[in-house]
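Written below as structure tokens is the structure these notes are about.
FYI, side chains are in, hydrogens and waters are out, and symmetry mates aren't considered; it's all heavy atoms of this structure. We number each residue from 1, following the sequence as shown. Ligands are counted one by one from 1 in listed order, and the atoms in each one are counted from 1 as well.
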Amino acid sequence: MKIGFIGLGNMGGGMAANLVKAGHSVNAFDLSPEANARARDAGCSIAADAAVAVAGADAVVTMLPAGTHVRSVYAQSVFGMAAKGTLLLDCSTIDVASAKAVAADAETAGLVMVDAPVSGGIAAANAGTLTFMVGGSTEAFARAEVVLAAMGKAIIHAGGAGAGQAAKICNNMLLGASMVATAEAFVLAQKLGLDAQTFFDISSKASGQCWSMTSYCPVPGPVPTAPSNRDYEGGFAAALMLKDLKLAVEAAQSVGASVPMGAQAEALYQMFTGLGGAPKDFSAVIKLLDGSWRG
Ligand code: NAD
């Protein structure tokens, strides 16, 4: 297929490269010359601007920072340029309201759109092992699956327009709250005289077990691959967790849902990023809780 790809950053760069590896012809664009150069090295052709990347494409993939970028790129460069029936896939993590608004505009323009945010970080984007949560019609999902298969290992239809974003922010709200709870438990266990490894051995096999503990244990040692063993470098940045928690709390307010744990996690990550924790893996929030964070 001929694919237009806009947004070649940490995630989009690897995703575009995997589309090329799968045999697609990718015409790509990013505002950053460095990102364009990396994509060219990976086999993409580089368009002069976003609209040129869209012209003549069978499908368009976007991987942009936030809802405001997605709204403006689609309004300025996609809707006037894409041929009727073109498949549009926005893989960015954005607010549900923007996802629904852009999908409605796409429909009006005779285009077929899905929101398809991802789970999995930069390593999964490079390896082509992302999980996609897809919002859109059954027909749109069937067409999107063909494109997404080159970039992911799991592709799940979440429901209609915006449902992919809803699934993503609900999942990440749960992840943020569970990380804070896991970190609290380890801090308390240690203050009560329990060895961290011993507490892990017990709780990881008991009812407190969760992904934040067994995959990203905030204390170094029990899970050797966790970012806590590398001074919380790599992994999922606290700044991105804060972004997703803000989206979740905003969405909750818009529909009158009560999310006290999500709101508390948002407040803690707000404090942590304000104290210089933004680039660290989100499990580093344990250092805020145990008082050892020095910025
Ligand atoms: P990034 O900042 O590295 O990349 C975004 C890219 O978009 C940048 O290269 C930027 O130059 C480009 N861009 C911005 N406006 C543009 C425009 N008008 N035209 C063309 N290019 C434009 O961000 P990222 O880490 O790649 O994340 C992208 C999205 O994926 C975000 O929504 C993020 O929340 C989500 N996400 C990221 C991760 C992660 O681990 N990094 C994981 C899951 C989801």
Exercise. Specify the protein heavy atom at minimum distance from atom 41 (N) of ligand 1: its residue, its atom name, and the distance to 0.1 Å.
Key: Leu240 CD1, 3.4 Å

Self-check item: Pair Ser283, Ser228: side-chain N/O donor-acceptor within cut-off below 3.5 Å
Solution: no

Exercise. Just need the protein heavy atom nearest to atom 21 (N) of ligand 1, so name the residue and atom and give the distance.
Key: Leu31 N, 3.5 Å

Quiz item: Taking only heavy atoms of Val118, which atoms of ligand 1 are found under 4.0 Å from at least one of them?
Solution: 43 (C), 44 (C)

Quiz item: Quick one: nearest non-hydrogen protein atom to atom 8 (C) of ligand 1, plus distance?
Solution: Asp30 OD2, 3.5 Å

Self-check item: Between Lys246 and Gln270: side-chain donor-acceptor atoms closer than 3.5 Å
Solution: yes

Exercise. Go through ligand 1 atom by atom and flag the ones less than 4.0 Å from a non-hydrogen atom of Lys168.
Key: 43 (C), 44 (C)

Self-check item: Shortest protein contact, atom 25 (O) of ligand 1 (heavy atom only)
Solution: Asn10 CB, 3.5 Å

Quiz item: Ser92 heavy atoms, cut-off 4.0 Å: which ligand 1 atoms fall inside?
Solution: 32 (O)

Quiz item: Lys168 and side-chain contact (heavy atoms from CB on, under 4.5 Å): which partner among Ile94, Val96, Asp244, Asp115?
Solution: Asp244

Quiz prompt | atom 4 (O) of ligand 1 - nearest protein heavy atom and its distance | solution = Gly9 CA, 3.3 Å

Exercise. Heavy-atom contacts with Gly121 under 4.0 Å: which atoms of ligand 1 show up? List them by number with element.
Key: 40 (O)

Self-check item: Taking atom 28 (C) of ligand 1 as the reference point, the nearest protein heavy atom with its distance
Solution: Leu64 O, 3.8 Å

Self-check item: Residue, atom name and distance, where the atom is the protein heavy atom closest to atom 35 (C) of ligand 1
Solution: Thr93 OG1, 3.6 Å

Quiz item: Are Pro65 and ligand 1 in contact, using a heavy-atom cut-off of under 4.0 Å?
Solution: yes

